[in-house]
Amino acid sequence: MKALVTGGGGFVGRYVVEQLLARGDEVTVFTRGAYPELTAMGVTVIRGDLSDEAAVVEACKGIDCVFHIAAKAGAWGDEADFYNTNVVGTHNVITACRVNGIRKLVNCSSPSVIFDNKAHEGVAEDYPYPDRYECPYPETKAKAEQLVTAANDETLMTVTLRPHLIIGPRDRHLLPQVLKAAAGGTLPQVGKGDNFVDLSYVEDVARAHLLAADALKPGSNVPGSVYFISQDEPVNLWPWLRNLLKRTGYPEPKFSVSLGVARFAAGIMEWFYRNFVPNGTPKLTRFLASELALSHYYDISAAKCDLGYTPSKTMQEVEDIVVDWVDKGMPS
């Protein structure tokens with residue numbers, strides 16, 4: 001298979017690239033940065049921006065399947081930047097597939113597209129999108145996801161995966177930010193500490209993308225569908241996180257705040273940064289406060305049934321891998 005991976009130099013994208021190469025597929029990546037290590041691996045690296053339709057169309061020439069991994073993520077930032085990358089970029093990927101006659105599109109999304117400030121405990125893919133969002137990332141990813149689902153037809157088969165809280169070696173965002181906050185004493189426990197959350201091991205997430213591509217066949221349940229992906233082993237977030245911090249030598253949270261207080265404080269921070277520090281990032285947002293305090297874990301039985309996905313690692317194994325990676329200095 002000739003595959004193109006958007007964001008192939010990023011956290012998830014790099015693992016997708018490596019797994020495609022390992023099974024003998026021919027890989028091209030479309031990315032904004034230069035990645036000589038990928039070129040050395042035999043990957044064709046095309047530099048460009050997702051908001052440039054012509055560049056995306058050109059990059060997709062001769063491709064059989066597109067893995068759309070690239071996105072602008074985060075709990076804070078300029079709405080236009082999120083929209084241009086996540087919505088316009090996804091629209092351009094769909095256009096490129098149609099122009100080039102590509103039959104398969106695998107889209108990487110997030111469970112945050114349905115987050116509505118309520119506890120999610122084992123919910124399935126039919127859970128509705130919320131009426132409003134508190135930050136542009138989940139809102140724009142939801143719009144992108146809907147574009148991909150609507151694009152599914154007889155000429156282009158599409159599928160969307162929603163991996164939850166991806167962790168593992170080479171992570172440059174989630175865990176490093178948590179560790180940085182812990183080291184600086186700015187990581188409070190939000191809520192009672194009794195919430196359970198799903199985590200996803202990055203290599204399993206990448207493997208799920210390949211399984212989804214292989215399962216995109218006419219007449220199956222997969223085309224036009226959305227699937228949650230996780231380790232299928234929710235952890236009690238704060239005890240799990242405290243144990244991880246202890247094992248890696250980082251200080252545990254010294255204080256806790258209720259969700260109500262955290263959201264109130266975060267709302268003030270958001271107002272201040274929006275009006276007086278437009279290029280800055282508040283240490284806490286309302287969206288993040290709710291994510292830290294509420295349960296959010298999901299039913300992955302559809303992915304097991306339709307994609308043949310099962311996690312390869314237990315959460316204890318994932319934790320051990322992450323601890324070893326941190327102990328080695330978190331090499332990239």
Side-chain angles (χ1 to χ4, degrees), residues 11-12 73-75 108-125 127 130 133-135 137-138 141-142 161-168 171 173-179 181-182 187-205 208 226-248 250 252-253 256-260 262-263 266 284-304 309-311 313-323 326:
F11 181 36
V12 175
C108 184
S109 187
S110 165
S112 65
V113 299
I114 60 166
F115 191 62
D116 53 5
N117 285 315
K118 299 176 182 177
H120 290 176
E121 299 175 327
V123 303
E125 289 83 357
Y127 196 90
Y133 294 88
E134 290 186 332
C135 70
Y137 172 67
K141 287 297 287 183
L161 303 185
R162 294 172 175 171
H164 192 256
L165 293 180
I166 307 167
I167 62 172
D171 175 13
H173 299 287
L174 179 60
L175 188 57
Q177 289 176 357
V178 170
L179 297 179
L187 179 66
Q189 175 181 307
V190 181
K192 298 178 181 178
D194 58 357
N195 54 318
F196 280 76
V197 303
D198 271 330
L199 293 155
S200 304
Y201 178 52
V202 64
E203 291 197 38
D204 281 340
V205 171
V226 175
Y227 297 95
F228 289 119
I229 300 295
S230 74
Q231 295 313 106
D232 200 27
E233 191 180 344
V235 299
N236 191 178
L237 177 60
W238 288 102
W240 182 84
L241 184 56
R242 287 177 184 277
N243 180 62
L244 182 68
L245 293 171
K246 183 178 180 180
R247 289 188 65 187
T248 53
Y250 283 81
E252 298 178 39
S256 62
V257 295
S258 69
L259 176 57
R263 282 183 56 84
L284 185 67
T285 65
R286 290 169 297 161
F287 172 78
L288 183 56
S290 293
E291 287 271 302
L292 290 171
L294 298 174
S295 289
H296 36 104
Y297 57 91
Y298 301 90
D299 182 357
I300 68 166
S301 58
K304 291 180 177 179
Y309 169 79
T310 53
K313 305 290 185 185
T314 65
M315 277 306 303
Q316 185 60 60
E317 290 172 323
V318 172
E319 180 184 316
D320 292 342
I321 291 170
V322 169
V323 168
V326 173

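This chain uses plain numbering: 1 for the first residue, then up along the sequence.
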[X] [atom1] to [Y] [atom2] distance, which is reported to the nearest 0.5 Å:
X: E291; Y: F287; atom1: CD; atom2: CZ; result: 4.0 Å
X: F228; Y: S110; atom1: CZ; atom2: OG; result: 9.0 Å
X: Y298; Y: D198; atom1: OH; atom2: CG; result: 8.0 Å
X: L199; Y: S230; atom1: CG; atom2: OG; result: 8.5 Å
X: N117; Y: L294; atom1: CG; atom2: CG; result: 7.0 Å
X: D299; Y: D232; atom1: CG; atom2: CG; result: 8.0 Å

Between the side chain of [X] and the main-chain N/O of [Y], is any donor-acceptor distance below 3.5 Å?
X: Q231; Y: Y201; result: yes
X: N236; Y: P239; result: no
X: Q189; Y: G191; result: yes
X: W240; Y: F196; result: no
X: N195; Y: H296; result: no
X: S112; Y: F115; result: no

Test V123 against I114 for side-chain contact (heavy atoms from CB on, under 4.5 Å), laying out the working first. CA-CA 10 Å; V123 303; I114 60 166; 4.3 Å; yes
On a heavy-atom basis, which atom in [X] and which in [Y] lie closest, and how many Å separate them?
X: L259; Y: A293; result: CD1-CB, 3.8 Å
X: R286; Y: E134; result: CB-OE1, 3.5 Å
X: I167; Y: F11; result: C-CZ, 3.9 Å
X: P163; Y: P111; result: O-CD, 3.1 Å
X: L174; Y: D171; result: N-OD1, 3.2 Å
X: E125; Y: R162; result: O-NH1, 4.2 Å

With a 4.5 Å cut-off on side-chain heavy atoms, are [Y] and [X] touching?
X: L292; Y: W238; value: yes
X: L245; Y: L187; value: yes
X: I300; Y: I229; value: no
X: L244; Y: L175; value: yes

Kindly indicate, with the supporting measurements, whether the criterion side-chain contact (heavy atoms from CB on, under 4.5 Å) is fulfilled by E233 and V318. CA-CA 11 Å; E233 191 180 344; V318 172; over 6 Å; no
Mind checking what makes side chain to side chain contact (heavy atoms under 4.5 Å, CB included) contact with P130, not counting sequence neighbours?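 With neighbours one apart ignored, the set is D116, Y133.
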With S109, which residues qualify under side chain to side chain donor-acceptor pair (under 3.5 Å), at least two apart?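 Applying side chain to side chain donor-acceptor pair (under 3.5 Å) to S109 gives E145.
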Step-by-step side-chain contact (heavy atoms from CB on, under 4.5 Å) determination, Y297 to H120: CA-CA 6 Å; Y297 57 91; H120 290 176; over 6 Å; no
Between the side chains of K313 and E203, is the shortest nitrogen-to-carboxylate-oxygen separation below 4.0 Å, so that they form an ion pair?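 K313 and E203: not salt-bridged.
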